[in-house]
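Comments concern the structure below.
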Amino acid sequence: MSDLATLWELHRNSEWPRFSSPHQGELMTLDTVISGCVTYHLDSTEGLDSQRLEILENCLQELAGLMPDIPDDARPYFGQLCTLASVLRKAQLD
């Protein structure tokens, strides 16, 4: 849990990257949804329910599909987001 909390704190303190992409809106939505899942997990004693876990899985798949199209200067931010979501998924499945 502490790894997740640390990653979450790092992500929360990161600035949204400035870049131009036709996928910017979709990436913003993925960031918001994954952040919501992390917040829910950290604030609850039960963790994510099956519906939220499925949403998280879908976000990870979509993010992985978009990563090749993300400009190099924005890639660290979204790589961090992907790591955050992956650690959350692992925490839920353990």
Side-chain angles (χ1 to χ4, degrees):
M1 175 83 94
S2 63
D3 289 336
L4 180 63
T6 300
L7 288 170
W8 173 234
E9 188 66 27
L10 287 171
H11 189 71
R12 284 183 43 205
N13 291 324
S14 298
E15 290 187 31
W16 179 262
R18 292 179 183 226
F19 66 102
S20 179
S21 168
H23 304 290
Q24 194 161 1
E26 186 175 1
L27 289 164
M28 192 174 290
T29 299
L30 290 170
D31 185 55
T32 301
V33 172
I34 291 169
S35 294
C37 287
V38 172
T39 300
Y40 187 89
H41 174 82
L42 293 174
D43 289 347
S44 73
T45 55
E46 302 87 35
L48 301 182
D49 55 33
S50 60
Q51 182 179 11
R52 284 183 179 88
L53 188 54
E54 185 177 335
I55 289 169
L56 179 65
E57 292 286 348
N58 290 337
C59 287
L60 272 166
Q61 289 175 11
E62 287 181 45
L63 188 55
L66 292 172
M67 284 300 282
D69 297 328
I70 295 174
D72 290 342
D73 55 339
R75 201 166 292 204
Y77 181 91
F78 293 103
Q80 178 180 302
L81 180 63
C82 188
T83 300
L84 179 65
S86 296
V87 169
L88 175 56
R89 177 179 62 190
K90 185 179 180 328
Q92 283 297 132
L93 299 177
D94 285 347

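What you see below is based on every heavy atom in this structure, not just the backbone, and it leaves out hydrogens, waters and symmetry mates.
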Check: Phe19 ring centre within less than 6.0 Å of Phe78 ring centre: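 Centroid distance Phe19-Phe78: below 6.0 Å, so yes.
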Side-chain heavy atoms of Leu27 within contact of Leu63, under 4.5 Å: yes
Side chain proximity check, Asp49 to Arg52, heavy atoms < 4.5 angstrom: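 Heavy-atom side-chain distance check passes, below 4.5 Å.
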Just verifying a value: how many Å separate [X] [atom1] and [Y] [atom2], rounded to the nearest 0.5 Å?
X     : Y     : atom1 : atom2 : answer
Ser50 : Glu54 : OG    : CD    : 7.5 Å
Met28 : Leu30 : CE    : CG    : 11.0 Å
Gln80 : Thr83 : CD    : OG1   : 7.5 Å
Asp69 : Arg75 : CG    : CZ    : 8.5 Å

side-chain contact (heavy atoms from CB on, under 4.5 Å), paired with Leu81, selected from Leu7, Ile34, Val38: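 Of the listed residues Leu7, Ile34, Val38, the side-chain contact (heavy atoms from CB on, under 4.5 Å) partner of Leu81 is Ile34.
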Set of salt bridge (Lys or Arg N to Asp or Glu O under 4.0 Å) partners for Glu9, sequence neighbours left out: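 Glu9 satisfies salt bridge (Lys or Arg N to Asp or Glu O under 4.0 Å) with Arg12 once adjacent residues are dropped.
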side-chain contact (heavy atoms from CB on, under 4.5 Å) assessment of Asp31 paired with His11: CA-CA 10 Å; Asp31 185 55; His11 189 71; 2.7 Å; yes
Least distance between heavy atoms, [X] atom then [Y] atom:
X     : Y     : result
Leu60 : Cys82 : CD2-O, 3.8 Å
Pro68 : Gly65 : CD-O, 3.5 Å
Cys37 : Leu48 : O-CD2, 3.4 Å
Gln92 : Gly47 : OE1-CA, 3.5 Å

Residue pairs fulfilling side chain to side chain donor-acceptor pair (under 3.5 Å) with at least one residue in residues 16-29, sequence neighbours excluded: none
Of all pairs that satisfy side chain to side chain donor-acceptor pair (under 3.5 Å), the ones with a partner from residues 55-64, not counting sequence neighbours: Glu57-Arg89
Under the side-chain hydrogen bond (donor to acceptor under 3.5 Å, both in side chains) test, residues paired with Thr39 that sit two or more places apart: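 For Thr39, no residue satisfies side-chain hydrogen bond (donor to acceptor under 3.5 Å, both in side chains) once neighbours in sequence are set aside.
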Members besides Ile55 in its Ile/Leu/Val/Met/Phe/Trp/Tyr cluster (side-chain heavy atoms under 4.5 Å): Val33
Residue pairs fulfilling ring-ring contact (aromatic ring centres under 6.0 Å, His included) with at least one residue in residues 49-76, sequence neighbours excluded: none
Leu42 reachable from Leu10 in the ILVMFWY side-chain graph, under 4.5 Å edges: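 Looking at the clustering, Leu42 is in a separate group from Leu10.
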